[in-house]
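The chains referred to below are lettered A, B, ... by the order of the sequence lines, with proteins before strands, and numbering in each begins at 1. Both backbone and side-chain heavy atoms feed into the values below; hydrogens, waters and symmetry mates do not.
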There are 2 protein chains.
Amino acid sequence: MTSQQDLLDTLALVARALGNGHRLALLERLAQAEASVDTLASTTDLTVGNASQHLQQLRRAGLVTASRSGKQMIYRLTDERIVLLMGLLRQVAETNLAEMERLVGRLFADDDAQGALEAVSRRELLAKLQGGQVALLDVRPEEEYAAGHLPEAINIPLAQLEAMLDRLPRDKEIIAYCRGPYCALSHEAVQRLHQLGYRVRRFEEGYPEWKAAGLPVMR
Amino acid sequence: MTSQQDLLDTLALVARALGNGHRLALLERLAQAEASVDTLASTTDLTVGNASQHLQQLRRAGLVTASRSGKQMIYRLTDERIVLLMGLLRQVAETNLAEMERLVGRLFADDDAQGALEAVSRRELLAKLQGGQVALLDVRPEEEYAAGHLPEAINIPLAQLEAMLDRLPRDKEIIAYCRGPYCALSHEAVQRLHQLGYRVRRFEEGYPEWKAAGLPVMR
DNA sequence: CTATCATTCAATGAAACGATAGAATGATGG
DNA sequence: CCATCATTCTATCGTTTCATTGAATGATAG
């Protein structure tokens with residue numbers, strides 16, 4: 001006979017797979033684009049061996065799948081909803097853990113010093129895009145942009161921001177986005193563009209959340 | 001400087017709190033109604049000491065709060081969204097873990113043998129309630145019903161089902177619900193009522209999901 | 001078919017987790 | 001203020017998790 005407890009124990013298995021900072025980092029990275037072990041290891045500052053082990057655990061929990069492509073093993077998220085799950089986890093943590101608030105506060109401290117332009121919510125962004133008076137700026141690395149991005153977004157990786165300013169319209173408000181709420185790239189971009197006199201704000205989410213919400217994406 | 005990794009580590013802390021079957025059981029119980037350590041321990045088959053420890057962990061993770069009422073410590077969920085979080089965790093687990101499917105399959109095996117009436121979805125239930133030709137049956141214990149229930153639901157705890165049949169209308173279809181998708185109470189009720197000749201089906205979710213979705217509840 | 005590259009496996013030690021038992025704390029009722 | 005009840009704290013032991021190391025496997029290019 002199946003007891004309810006067996007089911008809960010199995011659910012706990014999945015939750016436990018989410019219960020490690022490095023694994024969450026791997027999942028966030030995978031939410032941008034599928035990637036090889038090697039790539040994942042270097043973008044998350046793990047040794048290859050260690051990354052591989054964590055990926056196995058995620059695989060056992062059904063959160064990622066792997067397939068071989070030549071010498072490389074390509075990992076990807078099994079399910080779009082994993083992004084939603086992490087988003088909800090984030091919301092619950094932010095509203096109920098003081099520690100979390102402290103850390104997020106610090107991440108946003110720069111912005112506040114700068115003149116406190118609040119981040120643009122998804123709803124607000126949709127309205128602005130409808131109106132057509134904003135330009136979307138994707139400051140992620142080129143490969144992540146290539147794997148998928150918001151419609152009509154202009155890609156300028158942060159490192160080349162100043163060098164490629166000519167791609168940005170001067171007459172529109174600019175909305176910058178990157179990997180997600182905790183990603184520093186768009187914060188940085190907004191600061192730098194603001195100093196250069198652009199009207200610029202940050203999208204409070206990132207590409208993965210947009211996609212997981214079922215909104216249209218481009219390649 | 002706050003690194004993104006600090007934030008992920010803190011998130012992982014919350015996920016880890018969900019990563020234990022007993023703690024998930026405690027949370028599910030708390031989703032029904034607030035309760036004392038003693039009550040929680042006995043409904044989840046834990047010793048009081050052990051339950052207390054798990055509750056502390058949930059508290060550290062910001063998932064529950066406690067307040068003293070006389071000699072007793074009353075625990076409650078901090079946030080309605082925790083129910084949503086567990087629901088999403090369940091969905092992800094069910095679609096991506098074979099083991100999960102196996103266990104759920106077994107739980108539903110009885111129903112299938114019985115003539116396979118599929119469970120009623122939330123959307124379907126809302127439509128049926130609109131129409132007015134169904135009666136809602138809440139088969140949870142009286143205290144949980146008292147703490148909150150679906151509008152117009154009739155409470156008959158499973159143990160008294162046969163004794164209190166006169167409360168059920170014979171001319172309407174009956175929709176039974178209980179604590180949630182994995183709760184056995186409504187399965188059992190449906191089987192027994194079906195044998196007695198009632199037109200009866202099961203709501204696929206439970207009270208906590210209904211409430212967390214922002215739908216109206218009664219006391 | 002061998003050298004190389006990408007990844008996984010296996011073994012180790014340190015740290016964290018989980019259950020238990022028994023002592024300690026806090027509130028209440030006489 | 002003492003006895004009782006509900007809960008928490010402390011200490012212990014066995015188990016699991018995590019990072020590291022180095023060896024093993026699998027695929028490819030010459």
Side-chain angles (χ1 to χ4, degrees), chain A residues 3 5-6 8-27 29-30 33-61 63-76 99 143, chain B residues 3 5-6 8-27 29-30 33-61 63-76 99 143:
Chain A
S3 80
Q5 196 58 51
D6 294 334
L8 293 181
D9 288 343
T10 308
L11 267 193
L13 221 77
V14 179
R16 215 162 32 237
L18 296 171
N20 175 284
H22 294 310
R23 284 196 294 273
L24 288 177
L26 287 167
L27 290 173
R29 175 58 183 75
L30 285 170
E34 58 179 44
S36 67
V37 176
D38 191 66
T39 308
L40 290 167
S42 59
T43 56
T44 55
D45 273 313
L46 293 172
T47 63
V48 171
N50 199 357
S52 175
Q53 304 242 49
H54 281 302
L55 288 166
Q56 311 288 322
Q57 271 185 259
L58 291 172
R59 192 145 71 147
R60 263 176 264 134
L63 298 175
V64 307
T65 51
S67 62
R68 196 174 264 284
S69 162
K71 293 192 214 183
Q72 299 192 323
M73 216 52 179
I74 304 296
Y75 280 83
R76 52 182 73 78
E99 170 70 2
E143 314 82 60
Chain B
S3 79
Q5 197 56 52
D6 294 335
L8 292 181
D9 288 344
T10 309
L11 268 194
L13 221 79
V14 179
R16 215 165 29 240
L18 296 171
N20 175 285
H22 293 311
R23 284 195 294 271
L24 288 177
L26 287 166
L27 289 173
R29 175 59 184 75
L30 284 171
E34 58 179 43
S36 67
V37 176
D38 191 66
T39 308
L40 290 167
S42 59
T43 56
T44 54
D45 273 314
L46 293 172
T47 63
V48 170
N50 199 359
S52 175
Q53 304 242 50
H54 281 302
L55 288 166
Q56 311 288 321
Q57 285 193 50
L58 291 172
R59 193 146 69 147
R60 261 175 266 136
L63 298 175
V64 307
T65 50
S67 61
R68 195 173 266 285
S69 162
K71 290 193 217 183
Q72 298 192 324
M73 217 51 180
I74 304 297
Y75 279 84
R76 52 183 72 77
E99 170 70 3
E143 313 84 59

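For the pair Leu11(A) and Leu8(A), the minimum side-chain heavy-atom distance is below 4.5 Å. Two residues are said to be in side-chain contact when any heavy atoms from C-beta on lie closer than 4.5 Å; Leu40(B) and Leu46(B) fail this criterion.
One finds a side-chain N or O of Asn20(A) lying less than 4.0 angstrom from the OP1 or OP2 phosphate oxygen of dC18(D).
Considering only the side chain of Asn50(B), dT20(C) comes nearest among dT20(C), dC18(D), dT8(D). Nearest to the side-chain atoms of Thr47(B) among the listed nucleotides dT20(C), dT7(D), dT7(C) stands dT20(C).
Annotation: proximity of residues 51-60 of chain B to DNA chain C (heavy atom, distance under 4.0 Å) is found for Gln53(B), His54(B), Gln57(B), numbered in ascending order.
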Are any protein N/O atoms closer than 3.5 Å to N/O atoms in nucleotides 25-30 of chain D? If there are, list each pair with its distance.
none

Sort me out a list of protein N/O and nucleotides 14-16 of chain D N/O pairs below 3.5 Å, or just none if empty.
none

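Side chain to side chain, Arg76(A) and Ser67(A) meet the donor-acceptor criterion of an N or O pair below 3.5 Å.
For Gln53(B), there are no side chain to side chain contact (heavy atoms under 4.5 Å, CB included) partners at least two apart in sequence or on another chain.
Counting only residues at least two apart or on different chains, the side chain to side chain donor-acceptor pair (under 3.5 Å) pairs with a member in residues 16-25 of chain A are Arg23(A)-His54(A), Arg23(A)-Gln57(A). Applying the salt bridge (charged side-chain N to carboxylate O under 4.0 Å, His left out) definition to pairs two or more places apart or across chains, none involves residues 45-61 of chain B.
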